Amino acid sequence: MILFDELESRLAGLALRHPRPVLSLAAGLGSLRNRLSRRWPDPEQVRLLFPSLTRSEAARAAWRIAALEARNRLLVQCIRRAGAGPARPLVRVSSETFAALRPPLLLGTFHVGAIHALGPALERLPGPVLALRQGRLYPAGPPVEVVTTEGDEQSRAAVFLRALGHLQSGGFVVTALDVAPGPGLAVPCLGHTIELARGPFALARLAGVRIVPLVARWRNGNVEVEVEVETGEALAPAGEMEMAAASARWLESYLLASPAETGLGLLRSLLSRPS
Amino acid sequence: MDEPVEEAVRSLVRSRAPLARSRAELADDLPLGAGGLGMDSIALVEVLLDCEQRFGMRSGSCSGGWKPADLLQGPPLTVGRLVAHVRAALGS
């Protein structure tokens, strides 16, 4: 396994010059590593979350989750070294996808698929974007501004107030729903419990805006950003628990259709919390 | 101090901070967040919004300048700072 770590660390420099083939290579290595080790994740862990999968289907999903993780790790290394530049040409957003989105709107992400590739996609949203994340991955430029949610409660309150103002002035706010810095909202998902961050739901409630799930998935060596727009009743502004439960139902439905999009961290988090 | 404003602000703080309800008094130097009333980020913002609504203030529209974002910068927000800021914004 040390060999795989060594190979992966050597790929970052190469990926900056040839991102498409090298990211695909990383995915291949990640998949191979999983086939040899049956870890990260173990196919049985996948079956615990997706009991309808056969053993062989779960094994294939585990290979693909490991490939996803390896590709994401490499992409993060590239972004840390060179900003969003190397990722930008990989990201495709269909013209209809973002055109249908009208601010003010809160876009909620989950740790699934190619989450780190969403940054360049946000540049194409039709309006100013304030992205909230724990720590800064790279310095973004207009129309995207990234602010960190790290810090004490008062610092986070300042960020929260700023995001509220951004929504009230007609912008997009993008934030992860499944990272809870403090006590979150525990809701059912895939037969387990997921703890969602309370902040985004409080923000939507106070601003009276809808929450639209935003995800990206790797496809054919490229990154194709898919935005799932939920205009139904579930994600409309409502009580925080209602919105959280609706978001978790959306996530469950998305992952049941595509189990291999489950991030390893999310998988572990779900497995650690039975329903 | 303008007693009604001060009392109203303290009452709003009490309504958002469970730890405040058991206290007979809220000292001026009592932080609303860590080390004091333990309000989380959302509660801190909500109490500022409560003040806006209660006193009809909007950011930048008051004589003394209601600037809730400024209150969250720098030193910990205390009961006394919040009261003083509201009073200044109202020009009282």
Side-chain angles (χ1 to χ4, degrees), chain A residues 104 106 108 130 132-135 145 147-171 173 175-177 179-186 195-209 211 237-244, chain B residues 9 12-20 26-62 65-86 89:
Chain A
L106 198 153
L130 185 68
L132 315 182
R133 80 180 305 279
Q134 280 189 319
E145 188 177 357
V147 291
T148 179
T149 56
E150 286 177 329
D152 60 15
E153 291 295 340
Q154 189 165 317
S155 306
R156 282 207 289 275
V159 171
F160 187 95
L161 188 64
R162 179 145 179 230
L164 184 60
H166 190 79
L167 287 170
Q168 287 168 336
S169 60
V173 168
T175 185
L177 302 181
V179 177
L185 302 172
E195 190 159 313
L196 299 180
R198 195 185 147 214
F201 302 104
L203 202 50
R205 171 176 61 80
L206 290 168
V209 302
I211 297 178
E240 291 170 21
M241 275 306 281
E242 284 174 70
M243 285 188 284
Chain B
V9 171
L12 293 173
V13 170
R14 282 185 192 281
S15 71
R16 292 287 178 189
L19 287 180
L26 301 180
D28 278 352
D29 61 354
L30 182 66
L32 270 57
L37 295 175
M39 293 168 75
D40 68 14
S41 56
I42 299 169
L44 285 170
V45 169
E46 284 181 316
V47 82
L48 297 178
L49 298 177
D50 290 344
C51 288
E52 279 189 8
Q53 192 171 20
R54 169 69 178 76
F55 299 107
M57 301 180 294
R58 292 187 73 83
S59 189
S61 68
C62 303
W66 168 244
K67 294 172 184 167
D70 288 358
L71 278 171
L72 297 172
Q73 306 298 332
L77 176 58
T78 60
V79 174
R81 269 187 73 208
L82 178 58
V83 169
H85 193 85
V86 171

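Naming convention: chains lettered A, B, ... in sequence-line order (proteins, then strands); numbering from 1 in each chain. In this text the structure is predicted, and so the values were computed from the model without any measurement.
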For B:Leu32, is there any backbone N or O sitting under 3.5 Å from a side-chain donor or acceptor partner on A:Gln154? no
Roughly how far, to the nearest 0.5 Å, is the CG atom of B:Asp70 from the CG atom of A:Leu161? 10.0 Å
Give the intermediate values and the outcome of side chain to side chain contact (heavy atoms under 4.5 Å, CB included) for residues A:Leu206 and B:Glu46. CA-CA 9 Å; A:Leu206 290 168; B:Glu46 284 181 316; 4.3 Å; yes
Quick check on A:Arg198 against chain B: is it the side chain, the backbone, both or neither that has a heavy atom closer than 4.5 Å? both
Counting only heavy atoms closer than 4.5 Å, note whether B:Ala34 contacts chain A via side chain, backbone, both or neither. neither
Quick one: of B:Ile42, B:Leu48, B:Leu44, B:Asp40, who has the most non-hydrogen atom pairs under 4.5 Å with chain A? B:Ile42
So, the part of B:Pro31 with a heavy atom under 4.5 Å from chain A: the answer is neither
Given heavy-atom pairs under 4.5 angstrom as the criterion, report whether the side chain, backbone, both or neither of A:Ala202 touches chain B. side chain
Minimum heavy-atom separation for B:Gln73 and A:Ala158, please, with both atom names. NE2-CB, 3.9 Å
